[in-house]
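Worksheet: one structure, shown below.
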Amino acid sequence: MQKVLPKSLKELACKVPQKRLKQIEIHLANSCNLRCKGCDHFSCICENESFNEKQFYKDIQRLYSIFDGDIEKILLLGGEPLLNKNVDKIIEATAKLFVNSEIDVVTNGTLILRQKDSFFESCRKDNVKIVITKYPIDFDYLEVEKFLIEKGCNFEYFGNTGYKKKTSYKIPLDISGKQDVEFNFKNCFYANHCVQLFEGKIFTCTPPAYIQFFNKKFNRNLIISKNDYINIYDDITKDEILHRLAQPIGFCKYCNVKERVFDLEWSVSNGKENEWTN
């Protein structure tokens, strides 16, 4: 294991405001069937949290209006997005608006063989890519590959997981909130890269977007303030959003960036708080 930020992640730690939003991630489900240890979306401890489909359609309409449809890549993920029974309709609605964007469905792949024909039809028709993270589990990914080829769908493996064993990492939280905000933001590979849209709010990174699931599970109160997100229903422009995404947020005080550990063996969560704390 290593505490030094890998070179590939260092390259993502760019805090210059983007001229065009390169990527935004949107949940189609908050929970996940694999329950990965230390999940940075907290999906392994997210139970009975329903997906607000009405809010999703409203949000992407507003997102389109602000950015005039000019977003390079939209990732539809989770949690596990294929737990959503209406994923085909969601794909169609997103692709209809963002005709010039790359749209990817990011999945662990284990539910692909169970999907309705309409899902594959939507992916083909709207040129949506299925991006599979290959996990070290007892599952036949080769069968999924052959199946997707037969269906005529565009797919690839996420990162290097197609040929290299998937590892994990620990992104520890400082419950006391005593970390250096400026240092953390500057040295965080999430910030201004893993931009999230969740229930009408844009976040510069992953943890604050879904910290409510952690708080609920462990009876904590890691506070989200108005400084930590951008309300897309405010009177705000694209350039103002891009500027704010490149600025430190108050929630950075809860992230212990110096103690992040990479290249850990992947495993299933035991649901204990110490998966996210030191």
Side-chain angles (χ1 to χ4, degrees), residues 21-33 39-67 69 71 73-98 101 103-107 171 173 190-238 240-242 244-245 247 249-252 254-255 276:
L21 186 58
K22 295 180 180 179
Q23 176 176 301
I24 193 162
E25 305 178 6
I26 314 175
H27 270 199
L28 299 193
N30 296 319
S31 59
C32 182
N33 59 322
C39 173
D40 53 280
H41 289 236
F42 307 105
S43 297
C44 57
I45 54 173
C46 178
E47 300 177 358
N48 302 318
E49 298 288 345
S50 60
F51 170 73
N52 190 334
E53 190 166 334
K54 184 177 180 181
Q55 180 77 52
F56 174 88
Y57 291 128
K58 181 182 177 184
D59 287 352
I60 61 170
Q61 287 279 355
R62 176 60 176 160
L63 193 68
Y64 173 83
S65 177
I66 294 173
F67 288 90
I71 297 175
K73 182 186 293 188
I74 298 174
L75 303 183
L76 303 177
L77 39 64
E80 172 46 52
L82 298 188
L83 288 172
N84 190 312
K85 295 180 179 179
N86 292 324
V87 62
D88 53 343
K89 297 177 181 178
I90 290 170
I91 287 173
E92 290 178 0
T94 306
K96 185 177 181 180
L97 286 172
F98 295 93
S101 302
I103 300 173
D104 296 348
V105 176
V106 183
T107 170
I171 310 296
L173 297 170
Y190 280 128
N192 201 28
H193 175 72
C194 296
V195 177
Q196 308 292 311
L197 172 62
F198 185 67
E199 296 186 346
K201 301 178 179 67
I202 291 179
F203 297 81
T204 190
C205 57
T206 310
Y210 312 110
I211 195 64
Q212 60 179 293
F213 304 135
F214 177 88
N215 284 339
K216 182 177 180 180
K217 174 69 175 180
F218 302 114
N219 194 29
R220 293 293 187 177
N221 187 32
L222 277 67
I223 298 170
I224 296 294
S225 69
K226 290 184 178 181
N227 163 263
D228 294 316
Y229 62 83
I230 301 159
N231 187 330
I232 62 174
Y233 297 100
D234 286 345
D235 183 14
I236 193 166
T237 67
K238 174 190 72 173
E240 288 171 338
I241 290 176
L242 295 177
R244 283 190 58 184
L245 288 173
Q247 307 304 313
I249 60 174
F251 190 86
C252 291
Y254 293 118
C255 289
W276 295 274

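Of all non-hydrogen atoms in L173 and C255, the two that sit nearest each other are CD2-SG, 4.4 Å. Contact record, C32 with L83: CA-CD1, 4.0 Å, taken as the closest heavy-atom pair. Between C46 and N30 the shortest heavy-atom distance is SG-CB, 3.5 Å. The two residues I103 and A95 come nearest to each other via the heavy atoms CD1-CA, 3.5 Å. Taking both residues in full, the closest heavy atoms of S43 and G79 are given as OG-N, 2.9 Å, listed atom of the first, atom of the second, then distance. Nearest heavy-atom pair, G69 versus S101, reported as atom, atom and distance to 0.1 Å: O-OG, 3.7 Å.
Judged by the 6.0 Å and 45° rule, K58 forms a cation-pi pair with Y233.
Here the NE2 atom belonging to H193 is positioned 9.0 Å from the OG1 atom belonging to T206, to the nearest 0.5 angstrom. Considering CG of L197 and CD of Q55, their distance stands at 8.5 Å, rounded to 0.5 Å. Note that CZ of F42 and CZ of F218 are 9.0 Å apart. Values are rounded to the nearest 0.5 Å. Distance CD/E92 to CG/N86: 10.5 Å, rounded to 0.5 Å. Taken to the nearest 0.5 Å, the CD atom of Q212 stands 15.0 Å off from the NZ atom of K217. Distance CD1/I232 to CD/E199: 11.0 Å, rounded to 0.5 Å.
Counting only heavy atoms from C-beta outward, the side chains of T94 and I26 never approach each other to under 4.5 Å. At least one side-chain heavy atom of I236 sits under 4.5 Å from a side-chain heavy atom of I241. Counting heavy atoms from C-beta outward, L245 and L21 have side chains that approach closer than 4.5 Å. A heavy-atom distance below 4.5 Å is found between the side chains of L77 and H41. Counting heavy atoms from C-beta on, the side chains of I74 and I60 never come closer than 4.5 Å. In this structure, the side chains of V87 and L76 stay at 4.5 Å or more apart for every pair of heavy atoms.
Aromatic ring orientation, W276 versus F214: perpendicular (interplanar angle above 60°, classes split at 30° and 60°). Relative orientation of the F51 and F56 rings is tilted, given thresholds of 30° and 60° on the angle between their planes.
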- [ ] Mind running side chain to side chain contact (heavy atoms under 4.5 Å, CB included) on L63 and I24 for me, showing each step along the way?
- [x] CA-CA 10 Å; L63 193 68; I24 193 162; 4.1 Å; yes

Task: side chain to side chain contact (heavy atoms under 4.5 Å, CB included) between C205 and I249, intermediate numbers included - done: CA-CA 10 Å; C205 57; I249 60 174; 4.3 Å; yes

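With 3.5 Å as the limit, one finds a donor-acceptor pair spanning the side chains of Y57 and E53. Side-chain polar atoms of E80 and T107 form a donor-acceptor pair below 3.5 angstrom.
For the pair D104 (side chain) and L75 (backbone), a donor-acceptor distance under 3.5 Å is absent. Between the Q196 side chain and the C194 main chain, a donor and an acceptor come within less than 3.5 Å of each other. Side-chain atoms of S31 do not come within 3.5 Å of backbone N or O of E47 as any donor-acceptor pair. When atom types are taken as modelled, the side chain of D228 and the backbone of S225 share a donor-acceptor pair closer than 3.5 angstrom.
Not counting sequence neighbours, the partners of Y254 by the side-chain contact (heavy atoms from CB on, under 4.5 Å) test are L222, I223, F251.
More than 12 heavy atoms of other shown residues, nucleotides or ligands fall within 6.0 angstrom of atom NZ in K201. Counting non-hydrogen atoms of other residues, nucleotides and ligands closer than 6.0 Å to CG of D234 gives a total above 12.
In this structure, Y210 has its ring center under 6.0 Å from that of F198.
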